[in-house]
Amino acid sequence: MSLSLGYYGDTAMKKIPGGGYDVPEGVDIRGRYDEEFAKILTKDALMFLADLQREFRNHVKYAMECRKEAKMRYNSGGLPGFDPATKNVRDGDWVCAEVPPAVADRKVEITGPVERKMIINALNSGAKVFMADFEDALSPTWENLMKGQVNLKDAVNGTISFEDKARNRVYKLNDQTAKLFVRPRGWHLPEAHIFIDGEPAIGCLVDFGLYFHHNHAAFRKTQGQGYGPFFYLPKMENSREARIWNNVFERAERMAGIEKGSIRATVLIETLPAVFQMDEILYELRDHSVGLNCGRWDYIFSYVKTFQAHPDRLLPDRVLVGMGQHFMRSYSDLLIRTCHRRGVHAMGGMAAQIPIRDDPAANEAALELVKKDKLREVRAGHDGTWAAHPGLIPAIMEVFNNNMGDTPNLIKTMKRKDAALITEEDLLQIPRGVRTIEGLRLNTRVGIQYVAAWLTGTGSVPLYNLMEDAATAEISRVQNWQWLKYGVELDGDGLGVRVTTELFGKVVEEEMARIEREVGRDRFKKGMYKEACKIFTRQCTAPVLDDFLTLNAYNCIVVHHPRGSSKL
């Protein structure tokens, strides 16, 4: 059975029995009924959510159509670049609103899904900020999304706790905790468990709307020192999309009766088109901005996706596409200059390493690589950076403290005027490096295992000493697709082998056998590895590249509940 999702496509679903929620006119909740969830899905909260959906859905639809038009231009040979029409914005001497004191110091930020134990550990981790994630680190099942809202409400109220019966331990918040930022989903993702006026809600408005409605008052008292709540905004491609967010924020502030500019957000620059619109994005959000972040894994994914029809722009093995590549370094440097010129934070990228507990020598070597990467960031002028694991925080904090002294940030002291010379050619330079069979194998192994975890409700997965989320799985997928489409030569192996569907089929078969050996036969049978293999393989071999892995696979995790007492 399938259900039309309008501009989001078709979503398959399973029906399960259950109760209903008290909803306003035009709202239909199709997820499982739960008393805890009902405290989040109150009539007032759903009225606010419905107001947001009705006011902004056509703007979002138009923005998605503009993305399609841009893709057609790139697929016809066009290149992204600076927009001549907004040169006055780039050349102007405007600045963003002053940074709130509560978030002046953001030297180390930790990220993770909105899972209960994770939230407590991250807030207690010693990081300056915790970004609680509804996006790439979360599989957006109904249970995960609603439990996440419950967990965040308890965290803001300071009452969150978790009893780990296996370890006989109770987790609670320390007196000193990180500042909480929340990342909603991107504009492109639907929420197929909530229908408004007969169509699925926009996922990010669900995440933002429910969290803001329940927490803005308490957050401003307990965390924001009169400001907040604070957000991270993902996957935007241009300033038009930033303008929608700014209007959403102003609408929410009016609803809550709080000052304009209370809500603050950092935008992830993680798509190639967005790097040419950083000034414009900050300008649209100038009353609500607290900077930009180098979302470097998604940025690499976006480079491949943007140039999917450009066989002259093939990436080398993904492990070789780091910040040493000219196009990546140029992106980081221009982001720092742009942010500091406009008076806001320039945040560095993710350190995805996780501690290697059974190999001290390998662990030390990995930690040295992290320190080297973070030293490069702080010397370049980044005001802070990301870590995937609490075990990295002390080492990263030491690097930033040693190089920044007592200052909370480098906004006024590291202007990077030299980066004004960065050109479109710098930002688009083709990455250098070789392609190998091992690169193809790693992409395949990581991609299948990530999708398998995602299908079973886990969006952040430790694999081969790295914390993988949807962004790194996306790189694996699109690189395989690109290599297959153009039959690239694996020039790093010295054998002249080209990537074909036959070779890829053999690699998939061998890597599935390896995964089974590594995870064990029982876990392999109980997991969704075979289903994940079909999805990942289909996407890698599709004649047309899917825009997002998670959008395509979302059909598999939607579970619908009979409508019961919902009012239509």
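Counting from 1, the numbers follow the sequence of the chain as shown.
Arg445 pairs with exactly one of Glu438, Glu510, Glu516 by the salt bridge (Lys or Arg N to Asp or Glu O under 4.0 Å) rule, that one being Glu438. The one candidate from Lys372, Arg329, Arg296 that meets the salt bridge (Lys or Arg N to Asp or Glu O under 4.0 Å) condition with Glu377 is Arg296. For the ring-ring contact (aromatic ring centres under 6.0 Å, His included) test with Trp386, the passing option among Phe130, Tyr232, Phe181 is Tyr232; the others fail.
Listed for the Glu115 side chain is a donor-acceptor partner under 3.5 Å among the backbone atoms of Met118. At distances below 3.5 Å, at least one donor-acceptor pair connects side-chain atoms of Tyr331 with backbone N or O atoms of Ile269. The backbone N or O of Thr436 lies less than 3.5 Å from a partner atom in the side chain of Asp317, making a donor-acceptor pair. The backbone N or O of Ala192 lies less than 3.5 Å from a partner atom in the side chain of His560, making a donor-acceptor pair. Judged by distance alone, the side chain of Thr537 and the main-chain N or O of Lys534 form no donor-acceptor pair under 3.5 Å.
Residues Val114 and Asn144 fail the side-chain proximity criterion, which asks for heavy atoms closer than 4.5 Å. When side chains are defined from C-beta on, Asp547 counts as touching Lys71, because their heavy atoms get closer than 4.5 Å. Here the side chains of Thr541 and Leu484 are in contact, with some heavy-atom distance below 4.5 Å. In this structure the side chain of Leu490 never reaches within 4.5 angstrom of the side chain of Leu495, judged on heavy atoms. Between Lys235 and Glu135 there is a side-chain heavy-atom pair separated by less than 4.5 Å. Within the 4.5 Å cutoff, the side chain of Ile437 has no heavy atoms near those of the Val497 side chain. The side-chain heavy atoms of Met236 and Val267, taken from C-beta on, include a pair separated by under 4.5 Å. Between Phe504 and Thr501, every side-chain heavy-atom pair lies at or beyond the 4.5 Å cut-off.
There is a side-chain donor-acceptor pair under 3.5 Å between Gln449 and Tyr464. Between the side chains of Glu511 and Thr444, not a single donor N or O lies within less than 3.5 Å of an accepting N or O. Side-chain contact, Thr266 with Arg106: a donor N or O sits under 3.5 Å from an acceptor N or O. With 3.5 Å as the limit, one finds no donor-acceptor pair spanning the side chains of Thr271 and Glu237. When only modelled atom types and interatomic distance are considered, Asp426 and Thr423 share a side-chain donor-acceptor pair under 3.5 Å.
What you find for Ala419 and Leu334 is that their closest heavy atoms are O-CD1, 3.9 Å. What you find for Tyr450 and Ala473 is that their closest heavy atoms are CD2-CB, 3.5 Å. Here the closest heavy-atom approach between residue Asp491 and residue Arg435 is recorded as OD1-N, 2.8 Å. Minimum interatomic distance between Val508 and Cys533 (heavy atoms only, all atoms of both residues): CG1-SG, 3.4 Å. Nearest heavy atoms, Ile356 versus Asn363: N-OD1, 2.8 Å.
Here the straight-line distance linking atom OH of Tyr74 with atom CD of Gln308 works out to 12.0 Å at 0.5 Å rounding. A distance of 11.0 Å separates CG in Leu463 from CG in Asp469, rounded to the nearest 0.5 Å. Separation of atoms CG (Leu428) and CZ (Phe276) is listed at 4.0 Å; rounding is to 0.5 Å.
Judged by a 6.0 Å distance limit and a 45° cone about the ring axis, Arg313 is positioned over the six-membered ring of Phe307.
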Next on the checklist: Please determine whether salt bridge (Lys or Arg N to Asp or Glu O under 4.0 Å) holds for the pair Arg318 and Glu468, giving the CA-CA distance in whole Å, both sets of side-chain angles, and the decisive distance to 0.1 Å.
Outcome noted: CA-CA 13 Å; Arg318 73 171 184 142; Glu468 303 281 8; 3.1 Å; yes

Item to check | Worked check of side-chain hydrogen bond (donor to acceptor under 3.5 Å, both in side chains) between Glu143 and Thr141 | outcome: CA-CA 5 Å; Glu143 302 296 311; Thr141 66; over 6 Å; no

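Between Asp373 and Lys371, no side-chain nitrogen of the basic residue sits less than 4.0 Å from a carboxylate oxygen of the acidic one, so the salt-bridge criterion is not met. Checked for salt-bridge contact, Arg523 and Glu518 miss the test: no charged N lies under 4.0 Å from a carboxylate O. The pair Glu241-Arg67 meets the salt-bridge criterion, since a charged nitrogen lies less than 4.0 angstrom from a carboxylate oxygen.
His193 and Trp142 have tilted rings, their planes meeting at an angle from 30° to 60° on a 0 to 90° scale. Between Trp245 and Trp187, the ring planes are tilted. Angles from 30° to 60° get that label.
Taking a 6.0 Å sphere around CZ of Arg432, one finds it holds 12 or fewer heavy atoms contributed by other residues, nucleotides or ligands.
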